Trainee: 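Below is a structure I'd like to ask you about.
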Amino acid sequence: MQQFEFARHRRLRSSEAMRALLKETDITVNDLIYPMFIIEGENIKNEVSSMPGVFQISLDHLANEITEIHQLGIRAVMLFGIPKEKDEEGTGAYAEDGIVQQATRLIKETCPDLLVVADTCLCEYTSHGHCGVIREQEVDNDASLSFIVQTALSQAEAGADIIAPSNMMDGFVKVIRKALDEAGYKEIPIMSYAVKYASAFYGPFRDAADSTPQFGDRKTYQMDPSNRIEAIREAETDVAEGADFIIVKPALAYLDILRDVRNAVNLPVVAYNVSGEYSMIKAAAKNNWIDEKAVVMEKLTAMKRAGAQLILTYFAKDVATWLKE
Ligand code: PBG
């Protein structure tokens, strides 16, 4: 009888068909949420210099853009707004005719079955660029909550399908859930940026959204990248407060956290493949140092493998196009 010498793992990799049969993780268009930057003004389509292929667009270009996204089969977009005027209290975030509110109405008229996820934060609307309001030179948690609630309500009012608070104030899920329920929006889910690190990978986003803090940084409200147990605490709190989805952000340098969170909670987990992660690939691909498509598919696969059910990514349109080819 022949002796067993060693395991023949290559047996299961022998052909394209064999590999397809054994693939454990797949990316489909249903996994993708596309973040968009809507700017107040007319006839604007500004490419963000640090994010090639990503544009700030004005409302008059939105219907065309949305139709294209819809035709690609993408199910959901996340909206960020860039107002003309900013002020201390971030008024543009919760104005009835705020830019995200207008964009939401337009999208729901153009493509009613495309889901609108509204980013609920103040930083694009405050003159100081912080995610809450300032009291005594500090980002005041409890004072900020009422503005966050107003923002969420006005987004729901405009027709947003999902509310996604990203401001990292303690208690935001609880107060938003309560307010939505009382206003009759019991069926609108909350996609909480539960686990959000104070990351240098957000740099290009702050160019795109014009939201760089004018003083200090976000370290008193966003998490320290060194911490792991804290991520579980944040996620568990938001589950208890009524979140329906849990976002982990950034994604690529935080795959361990994604897996930990996946194991700790039973809600759908969303990876936010952030701006800096996008720009690094774009820059390297431009120099022909890497194969863009292969690298993007590999990293999105890694995020799903780590536990993400959904991925927020600026590559969504590219990926949807590649999947159709
Ligand atoms: C706003 C917000 C940020 C991002 C999403 N929502 C920036 C920040 O916290 O400074 C970053 C997204 C990205 O980098 O792609 N609070």
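Computed from a predicted structure; not experimentally measured. Values reported hereafter were calculated over all heavy atoms of this structure, with side chains retained and with hydrogens, waters and symmetry mates removed. Start at 1 and go down the list; that is how both ligands and their atoms are numbered.
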Trainee: In Å and rounded to the nearest 0.5 Å, what is the OG to NZ distance from Ser166 to Lys196?
Mentor: 4.0 Å
Trainee: For Trp289, does the CH2 atom have more than 12 heavy-atom neighbours from other residues, nucleotides or ligands under 6.0 Å away?
Mentor: no
Trainee: Go through the structure and list residues passing side-chain hydrogen bond (donor to acceptor under 3.5 Å, both in side chains) with Asn46, not counting sequence neighbours.
Mentor: Gln56
Trainee: Nearest 0.5 Å, what's the NZ-OG1 distance between Lys23 and Thr301?
Mentor: 6.5 Å
Trainee: Just jot down the side-chain hydrogen bond (donor to acceptor under 3.5 Å, both in side chains) partners of Glu157, sequence neighbours excluded, or say none.
Mentor: Tyr185
Trainee: Please identify each residue that fulfils ring-ring contact (aromatic ring centres under 6.0 Å, His included) with Phe215, with sequence neighbours left out.
Mentor: His130
Trainee: At less than 4.0 angstrom from any atom of ligand 1, which residues have a non-hydrogen atom? List them by chain and residue number.
Mentor: Phe80, Asp119, Cys121, Cys123, Cys131, Ser166, Lys196, Phe201, Tyr202, Phe205, Arg206, Arg218, Gln222, Lys249, Tyr272, Val274, Ser275, Tyr314
